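Here the structure is laid out as structure tokens; the discussion comes afterwards.
Note that the numbering runs from 1 along the sequence shown for the chain. Bear in mind that the values here come from a model prediction, so they are computed numbers and not experimental data.
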Amino acid sequence: RSSAASDVYKRQGTQYVVDLSAEFLSGERDTLYLAVRSVVATVLGLGDGTAVRITVEGATPAEDAGDWFSEQVWNDSWFFL
């Protein structure tokens with residue numbers, strides 16, 4: 001199924017909320033961590049938003065993922081080691 005961009009993310013002030021399917025949570029923990037970084041960097045690179053929050057099927061995942069699903073902002077250290 002193809003989704004329009006507006007079905008995937010919404011803007012709330014300067015924060016984007018990106019809603020993904022449960023498939024996003026599949027895979028290894030390290031892969032999920034990199035996926036969260038990638039989504040945040042991509043969305044912030046596309047517009048003038050200042051933060052991104054990822055939800056999965058409309059809800060914040062209750063998994064043991066620390067603060068990965070809270071509001072995320074650009075972090076240079078993700079890319080420049």
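In this structure, Thr42 has no side-chain hydrogen bond (donor to acceptor under 3.5 Å, both in side chains) partners at least two apart in sequence or on a different chain. Listed by chain and residue number, nothing satisfies the side-chain hydrogen bond (donor to acceptor under 3.5 Å, both in side chains) test with Ser38 (two or more places apart in sequence, or in another chain). Partners of Asp30 by salt bridge (charged side-chain N to carboxylate O under 4.0 Å, His left out), not counting sequence neighbours: none found. Thr31 meets the side-chain hydrogen bond (donor to acceptor under 3.5 Å, both in side chains) test with no other residue; sequence neighbours excluded.
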### Task
Show your working on side-chain contact (heavy atoms from CB on, under 4.5 Å) between Gln72 and Leu44 and close with a plain yes or no.
CA-CA 10 Å; Gln72 300 288 314; Leu44 291 178; over 6 Å; no

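Remark: Ile54 CD1 to Tyr16 OH distance equals 14.5 Å, nearest 0.5 Å.
Pairs engaging residues 30-49 under the ring pair (Phe, Tyr, Trp, His ring centres under 6.0 Å) rule: Tyr33-Trp68 [sequence neighbours left out].
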Enumerate, atom names and distances included, each donor-acceptor pair closer than 3.5 Å involving a side-chain atom of residues 21-28, sequence neighbours excluded.
unit_1 : atom_1 : unit_2 : atom_2 : d
Ser21  : OG     : Glu23  : N      : 3.4
Ser26  : OG     : Glu23  : O      : 2.7

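Heavy atoms only, all atoms of each residue included: Val73 and Thr50 are closest at CG1-O, 3.4 Å. Residues Gly58 and Asp19 share a closest heavy-atom pair of N-OD1, 2.6 Å.
Both Val43 and Trp74 are part of a single hydrophobic cluster, where members link through side-chain heavy atoms under 4.5 Å apart.
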